[in-house]
2 protein chains.
Amino acid sequence: MVQYARAHLDTSLAALADSTRRGVLEQLGREDASITALADRFHMTLTGMKKHVGVLEQAGLVVTEKVGRVRTCRIGARRLDEVAAWIASYHQLWDARFGELDQVIEELKQKEKSDGHHQPE
Amino acid sequence: MVQYARAHLDTSLAALADSTRRGVLEQLGREDASITALADRFHMTLTGMKKHVGVLEQAGLVVTEKVGRVRTCRIGARRLDEVAAWIASYHQLWDARFGELDQVIEELKQKEKSDGHHQPE
DNA sequence: CGCATACTGAACCATACGGTTCAGTGTCTA
DNA sequence: TAGACACTGAACCGTATGGTTCAGTATGCG
């Protein structure tokens, strides 16, 4: 198998690939909230929001605790370090391949300028 | 609408939330490749790989060019700056809420140590 | 007790996803 | 020109996703 079996990344990224869920994270960043509160805020049924919270919890991005009849959600223990690390490594790779190209383009621009040609867009 | 309609983020993250696709990106980071080459490398049909490449291309993470009968794929113009920025802002938010908690935990550890209790884990 | 609140779970629905097969189309190359 | 090669597109398949409704269960409160 070539594909690096990083299930973590899969679940984290999948959890983030939904604007409602990202919204929930931002919201919980401001203050803890019950499922009901979140459902209200995002104009959704309780059940629907519960699923989203479930996905986020599965990904470790949210933790919940039920006391009495209300389940309180808060930002979870899992930081996005892994994701950030992947992005960073990708960035590095990108630069490695295109840093050179950027340089070439920069040189071309300079040349065009000094040749008196107008710069294309 | 409360949910921040950042379609970019949605498509970028969704494109990344698949290990095959991340593998393709890493591969293309090393060298450009044809669809066939990628399909071989990831043990998949041409058609299957073409779909993945399509998703990556849609997200701007890959660009392709067909010359003759072979379509060559290369790392695309879109850097993951947006994604990185979101992650960073989330990180910041996380720290804001939990930096304090970290401090409390650290203090507790210190206290336990000085109390002569053995440190849990 | 009796009612409202807050969640839970099952079932359902439409659509998307990851993958396949199969039947093309277009391009090399001998 | 014939055949191999590289891709393309449509159709299909099983499963997942994002959402709903509806029918519970458990808790709080007057």
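Only this structure's heavy atoms are used, side chains among them; waters, hydrogens and symmetry mates stay out. Residue numbers begin at 1 in each chain, while the letters A, B, ... track the order of the sequences.
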N/O (side chain, [X]) to phosphate O (OP1/OP2, [N]) under 4.0 Å:
{"X": "K66(A)", "N": "dA6(C)", "answer": "no"}
{"X": "H52(A)", "N": "dT17(D)", "answer": "no"}
{"X": "K51(A)", "N": "dG19(D)", "answer": "no"}

Using the test side-chain contact (heavy atoms from CB on, under 4.5 Å), find all partners of A37(A) that sit at least two apart in sequence or belong to another chain.
A33(A), S34(A)
V55(A): partners by side-chain contact (heavy atoms from CB on, under 4.5 Å), with sequence neighbours left out
A15(A), R21(A)
What is the distance, to the nearest angstrom, from the [atom1] atom on [X] to the [atom2] atom on [N]?
{"X": "R22(A)", "N": "dG18(D)", "atom1": "CZ", "atom2": "P", "result": "12 Å"}
{"X": "L16(A)", "N": "dG18(D)", "atom1": "CG", "atom2": "P", "result": "12 Å"}
{"X": "E65(A)", "N": "dT8(C)", "atom1": "CD", "atom2": "P", "result": "13 Å"}
{"X": "D10(A)", "N": "dC17(C)", "atom1": "CG", "atom2": "C1'", "result": "13 Å"}
{"X": "R21(B)", "N": "dG19(C)", "atom1": "CZ", "atom2": "C1'", "result": "12 Å"}
{"X": "M49(A)", "N": "dT20(D)", "atom1": "CE", "atom2": "P", "result": "10 Å"}
{"X": "H43(A)", "N": "dT20(D)", "atom1": "NE2", "atom2": "P", "result": "12 Å"}
{"X": "K50(A)", "N": "dT25(D)", "atom1": "NZ", "atom2": "C1'", "result": "12 Å"}

Reckon I35(B) touches a base, only the sugar-phosphate, or nothing at all at heavy-atom distances under 4.0 Å?
sugar-phosphate
Salt bridge (charged side-chain N to carboxylate O under 4.0 Å, His left out) partners of residues 42-56 of chain B, not counting sequence neighbours, each pair once
none
Once salt bridge (charged side-chain N to carboxylate O under 4.0 Å, His left out) is applied, what residue pairs with a partner in residues 52-65 of chain B remain, sequence neighbours excluded?
E65(B)-R74(B)
Heavy-atom distance under 4.5 Å between the side chains of V83(B) and Y90(A), does that happen here?
no
Any pair counted as ring-ring contact (aromatic ring centres under 6.0 Å, His included), so long as it reaches residues 56-78 of chain B, sequence neighbours left out:
none
Side chain W94(A), main chain G76(B), donor-acceptor under 3.5 Å
yes
Dump every N/O contact between nucleotides 21-30 of chain C and the protein below 3.5 Å, one line per pair.
residue	atom	partner	partner atom	Å
dT21(C)	O4	T47(B)	OG1	3.3
dT27(C)	O2	R69(B)	NH1	3.2

